[in-house]
Every structure is written in structure tokens, then in C-alpha cells.
2 protein chains.
Amino acid sequence: MSRNAPGEPGDGPQEDAPEGAPEDAADGARDRLAPVLRPVRTGNGFEEALEQILRVLRLGLVPAGERLPAERELAGRLGVSRVTLREVLRVLHEEGLVTSRRGRYGGTFVLPRAEAGGTRDAGGAAELRRRTASVDLEDVLRFREVLEVGAAGLCAAQGLDGAGAARLRAALAGTRDTPPGGYRRGDTLLHLTLAELSGSPTLAAQYAAVRATLNDLLECIPLLVRNLEHSQRQHTALVEAVLDRNPEAARERMREHCAGTAALLRGFLA
Amino acid sequence: MSRNAPGEPGDGPQEDAPEGAPEDAADGARDRLAPVLRPVRTGNGFEEALEQILRVLRLGLVPAGERLPAERELAGRLGVSRVTLREVLRVLHEEGLVTSRRGRYGGTFVLPRAEAGGTRDAGGAAELRRRTASVDLEDVLRFREVLEVGAAGLCAAQGLDGAGAARLRAALAGTRDTPPGGYRRGDTLLHLTLAELSGSPTLAAQYAAVRATLNDLLECIPLLVRNLEHSQRQHTALVEAVLDRNPEAARERMREHCAGTAALLRGFLA
DNA sequence: GCCCTAAGGTATGGCGTTGGACCATTGCCT
DNA sequence: AGGCAATGGTCCAACGCCATACCTTAGGGC
């Protein structure tokens, strides 16, 4: 659905492409083109905008009770017209995810998930299952690990300035004192912070996309206390390695951390 | 221009975000949203399709003299209508990049770059300069290294099947016996092959995008024979490490390889 | 208490894109 | 030689999205 989201497993036949004469490669070249020739602008702009806003909500970037940016700004940021954006917000309102207030200091506010009535759950769950089924799990897990390990390595290698280090520490702290059930939001924010601090906006954006997909998948499996504690230790060690400017250690910590999640997901979903 | 291409350096103010009260984070949250709230569908579909085809040409995925996929297939793959695609091809034809032949076994063929007359060079060079200026060099280099190192690590860690190993060896060989001036095409194909073999289609697609940007940048700097020989040795060592299923070595080789290119580009463009 | 401002709510004309159908051309195969 | 099939070339009605302007609501400041 989203162009950013990894997807479309097995998009075409995966021939061996035995590197024949480069001249008759008309058919052999077709596979080569696969990574580049992907659908431009999948679906209508409405769906893409919806996906983006949903991503913001799923990542917990705007917690319940908080306000989304104003319609005009949001539309501008997403590159769609306000009409289209409003269509998106209307859907989200019908799903019980947001509510709008007029007047100055009004806006569109995020509702707590629990408030969602029957309609949302039915549609949401179906949507989730549909989305989950269409995702290439291995693709997601591999890509995620590459980005995460890369981000950790970059942060550790180049070092963080004072503000960056503070943000990272704050994000780590945010994973501890967290409301029950809000752990994954803290976890997401910590990893996203690291991605942002890597100094590559593209990396951060790609990570946000893949993380949203990952969160969908994680919602399908139970949250185990043991894993949680384990994760916490790993997070601490990871942040330490980054702040110590030890790239090898940071990468290795992150690799282990990702491997844990990956094993969990493979076990529950494979 | 392309949503996949890294870009838009410094999209907004980078406040410290001192993790204040989460409730008044209305303004503080804005920065958090930056990675997610990127323009959906930058520009019209026409421009995106043009970008994709240009990417195919710049990456050398379809060498001069070869045929692009048929219009109907290309349009289908890119997710645009045939009318729009034809508009793109018309522009490329006017720029002297491709030519079309009707009838069965006809199609749209790629022309050698040298054939380009005055019009193309003028427009092309201007376009290149514009694009180059708008690219965040550090973003590109960092993201590229992350993807490359990740791909190398994945390939080495999971091992390649017979066909994969053969493809990799063939791609390596393709960097040696190459027509003069065609070295970068071989280099691109080798790296792209590795990305494809990583088992993450998303990674491959992202690499293709960033590599296209990188190739644009590389065209601004001279090709040094010493670097070329050095690259060749690194390529050989890299492929060896991958085929030996030695992830650490593969990652390290790739890291060195990327560092070389990065230093070169920083030196010439910084 | 008035007015200004920032926010959501609404309506309209225009342009790009789509999907389909059809024609024109060319080379291979029977 | 004829037909077939794959390809580029052309046209058109319908739809979606966009840009823009304007209205309505509500809170704060003078």
C-alpha cells in the first residue's frame, strides 16, 4: 500500500539469470530491473496519506490526547491537498481514532486506543490481518536489522553532540518509566531516536517505515515479561556502547537485540 | 524529485527536544514527525516515472543498444498509465537518450550517451548540477554504506545458493573485462547484485535508488586509475569473504570499500 | 466587551491521469 | 505470399485530485 513499506513478496519469477550474452539479455535484464521498476505512487494519494497518518499513530509519535499538526500544515507536509487530507481525517474519525475541535486552539486530537468501539476493531483487525499476510517477513526483518545496526554504528562512530546524547538518554529513560502497555511506544521512540541521530535523514525515514510494519507484526504476538527485561538490558548496553563511541560494540549489541525480536517473530508467525 | 531518492537536507529546525512534559509536546513533537510526514508522491506521476526510467539508464541496467520493456509492460510495472509513460518516453527521445521502432520486435532502445547532441548536454548538465546541489552528500554516503555493509553481511551470513554464487562471480568478472568507460556500470551491477542477493527486496530497491544518486555524484569527479585498481582488489576480497561465509570480513571489506569512495567524493565535492 | 487570530468546515473550476479501444507497422512463421 | 502477433501511435470520456477562496467556530488580548 505504501511505497515506503516493504512488501510485494515474490514480485516475479526469480530466474537464475545465467549471465548469457549481454546482447540478448532482453529477457534476462527484466529481473535486473525489478528493484528499480516498482510502482510509482501505489494507490491514490488518499491511501498514501492515510498510511502515513496511521504510521504516526502506530508509532506513537503523537500519544493519545495530543494534537496532530493543523490540517493545512499536515496537508503541506504530506504533499496532498487539504481536501484529500480531510478525507483521511474523516475516515480516522469514523474509526474512532481521532476527534476534531474547532476554533482557536482546536485541532485534531488522538484518542486512546481503548475507546475504539466495534467498528474500528472489526475494520482494523481485518486490515491488520490483510496487511500482515501481504508482508514479506524475512524482508522486513533483514532490512530492519541492516538499518538498525547501521544507525547504531554511525552514531557510535561519529559520536553524538551534547544534545544528541541527551536525547538518546532521555529516550532510554522513556522505556523504563512507562505506563503499562506503553512499552512498545518507548521502544519505538528509542530506536527511532537512534535512527535520527545517525545523521542520515533517509535512514531515519526508511526506519520509520519499516518500524511501522514491524509494530503491526509485533501486535500479533504476546508481550513476554522475560523478553521485556532482556530487551531493557540490551537497550542499556546498546546506549552505553554508543555513548562510549564504540562502533563495534554498538553494532554487535544491536545485532543481538534485533536477532531476539526476529527469532520471536519467526517463531510466532512462521 | 523522487520519493526514494535521499534529499531535502535540513528539512526543519533541529531543536534539542528536551523531553519536557509529554503533554505540551505539541511543538516538540513536530520534529519527531519529520521522518514519517514526508511528501507523499512528490510531483506528478509523470516526473516520478521519468525519474525511474532515468534511474534505469543511469545505473546501466539496460546498456546502450538494448531494448526497454514494452510500453504496456513498463507502464504496468511503474503503475502509471500508458499515456503518461509515453509522455516520459517522448521526453527521453527528445533528449536523445532513447529511440523507438515500431512493429513486432520493435520497441524503445537505449542510445549510447556520446550520441547525445547539444540539446541533451545542455539540459542534462543543468539538470545534473541542480540535482547534485540539492543532495545531502553526507546522507547519501552514510545511507549507502549502511545498505552496502548490511547487504554484504547478510549475503555472507546466510550463504548463497549455487545460482546466487554464480551470479556474484559473474558480476565480479563483469567488472574486469569491461569496455573502456564502462567500469562504473560493472561496478554498479556488482553492488546491485549483492544487494539483490541479500534476500531483502526492500534493501535492493533502496540501494538502487541511492546508487543512482551516487552515480550522478561520481560523474562529477575524475576516474583515477589507481582508485580503479584499488577498487578491483577490494571487490575481489569482498566477494571472497562473502563466498567464504565470513560476515565479519565481508562487512569490514565493504566498509573499507565504501570509505574509499566516500573520501573521494568528500574531497572533490566538499 | 470587541475584535483578531487560528483552527476546522465547505464549495468550485480546472487539470492531469486513467482505462480502454482502436489504428499502423513490422518481422516471423506457416 | 499470407496471416499472425507484438509492438508503437492515437484518441476520448470519466474520475480524482488540486488549488483556492470563503465561511464558521472559539479562545485570548486589547
Side-chain angles (χ1 to χ4, degrees), chain A residues 1-3 23-24 26-27 29-30 33 39-53 62 65-94 97-111, chain B residues 1 3 24 26-27 29-30 33 39-53 62 65-94 97-111:
Chain A
M1 180 161 292
S2 153
R3 66 181 177 239
E23 299 316 311
D24 86 299
D27 273 33
R30 281 188 51 189
L33 302 184
V40 154
R41 182 194 195 182
T42 47
N44 38 32
F46 160 76
E47 283 185 18
E48 301 225 13
L50 176 60
E51 176 75 20
Q52 302 276 74
I53 307 278
V62 178
E66 285 302 301
R67 208 195 66 178
L68 264 57
E71 292 184 358
R72 289 170 178 83
E73 184 190 341
L74 211 44
R77 284 229 219 173
L78 291 173
V80 298
S81 77
R82 199 167 149 233
V83 181
T84 305
L85 175 71
R86 280 183 55 73
E87 197 61 20
V88 169
L89 294 180
R90 190 183 62 77
V91 169
L92 294 176
H93 179 73
E94 285 171 359
L97 294 171
V98 302
T99 184
S100 294
R101 287 204 294 273
R102 293 169 63 147
R104 192 169 186 180
Y105 299 90
T108 308
F109 295 82
V110 179
L111 293 175
Chain B
M1 183 158 290
R3 64 184 177 235
D24 86 297
D27 274 32
R30 281 189 50 189
L33 303 184
V40 155
R41 176 199 201 181
T42 49
N44 38 30
F46 160 76
E47 282 184 18
E48 301 225 12
L50 175 60
E51 177 75 19
Q52 301 276 76
I53 308 276
V62 178
E66 285 303 300
R67 207 195 69 176
L68 263 58
E71 290 184 359
R72 289 170 178 83
E73 184 191 339
L74 211 43
R77 284 228 217 174
L78 290 174
V80 298
S81 77
R82 201 170 147 229
V83 181
T84 304
L85 174 72
R86 281 183 54 73
E87 197 61 21
V88 169
L89 294 180
R90 190 183 62 76
V91 170
L92 294 177
H93 179 73
E94 285 172 359
L97 294 172
V98 301
T99 185
S100 295
R101 286 205 294 274
R102 292 168 65 145
R104 192 169 187 180
Y105 299 91
T108 306
F109 295 82
V110 179
L111 292 176

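In what follows, every chain begins at residue 1, and chains take the letters A, B, ... in the order their sequences are listed.
Close to C:dA7, at under 4.0 Å from its OP1 or OP2, lies a side-chain N or O of A:R67. A:T84 has a side-chain polar atom (N or O) that falls below the 4.0 Å cut-off from OP1 or OP2 of D:dC18.
The CG atom of B:L78 sits 13 Å away from the P atom of C:dT17 (whole-angstrom rounding). Distance, B:R104 CZ to D:dG8 P: 13 Å, rounded to whole Å. For B:R101 and C:dT25, the CZ to P distance is 17 Å, given to the nearest whole Å. Atom C1' of nucleotide C:dA7 and atom CZ of A:R86 are separated by 11 Å, given to the nearest angstrom. Here D:dG9 presents its P atom at 11 Å from CG of B:L85, a figure rounded to the nearest Å. Rounded to whole Å, atom P of C:dT17 lies 8 Å from atom CZ of B:F46. A straight line from CD of A:E87 to P of D:dC17 spans 9 Å, rounded to a whole angstrom. Across the protein-nucleic acid pair, B:E71 atom CD and C:dT26 atom C1' stand 15 Å apart, rounded to whole Å.
For the side chain to side chain contact (heavy atoms under 4.5 Å, CB included) with B:L85, the qualifying choice from B:T108, B:L50, B:L78 is B:L78, the only one to do so.
Across B:V88 and B:A49, no two heavy atoms sit closer than the pair CG2-CB, 3.9 Å.
The distance from the CG atom of B:L89 to the OG1 atom of B:T84 is 11.0 Å, given to the nearest 0.5 Å. In this structure, OG on A:S81 lies 12.5 Å from CZ on A:R72, to the nearest 0.5 angstrom. The CG atom of B:L74 sits 8.5 Å away from the CD atom of B:E71 when rounded to the nearest 0.5 Å.
Between A:Y105 and B:A70, it is B:A70 whose nearest contact on DNA chain D lies nearer the 5' terminus. Mapping A:V83 and A:T108 onto DNA chain C by nearest heavy atom places A:T108 at the nucleotide closer to the 5' end.
With sequence neighbours excluded, the residues satisfying salt bridge (charged side-chain N to carboxylate O under 4.0 Å, His left out) with B:R90 are B:E87, B:E94.
Side-chain contact between B:V98 and B:I53 is absent, with no heavy atoms from C-beta onward closer than 4.5 Å.
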Within the sub-3.5 Å range, which N or O atoms of nucleotides 22-24 of chain D have a protein N or O partner, and how far apart are they?
residue, atom, partner, partner atom, Å
D:dT24, O2, A:R102, NH2, 3.1

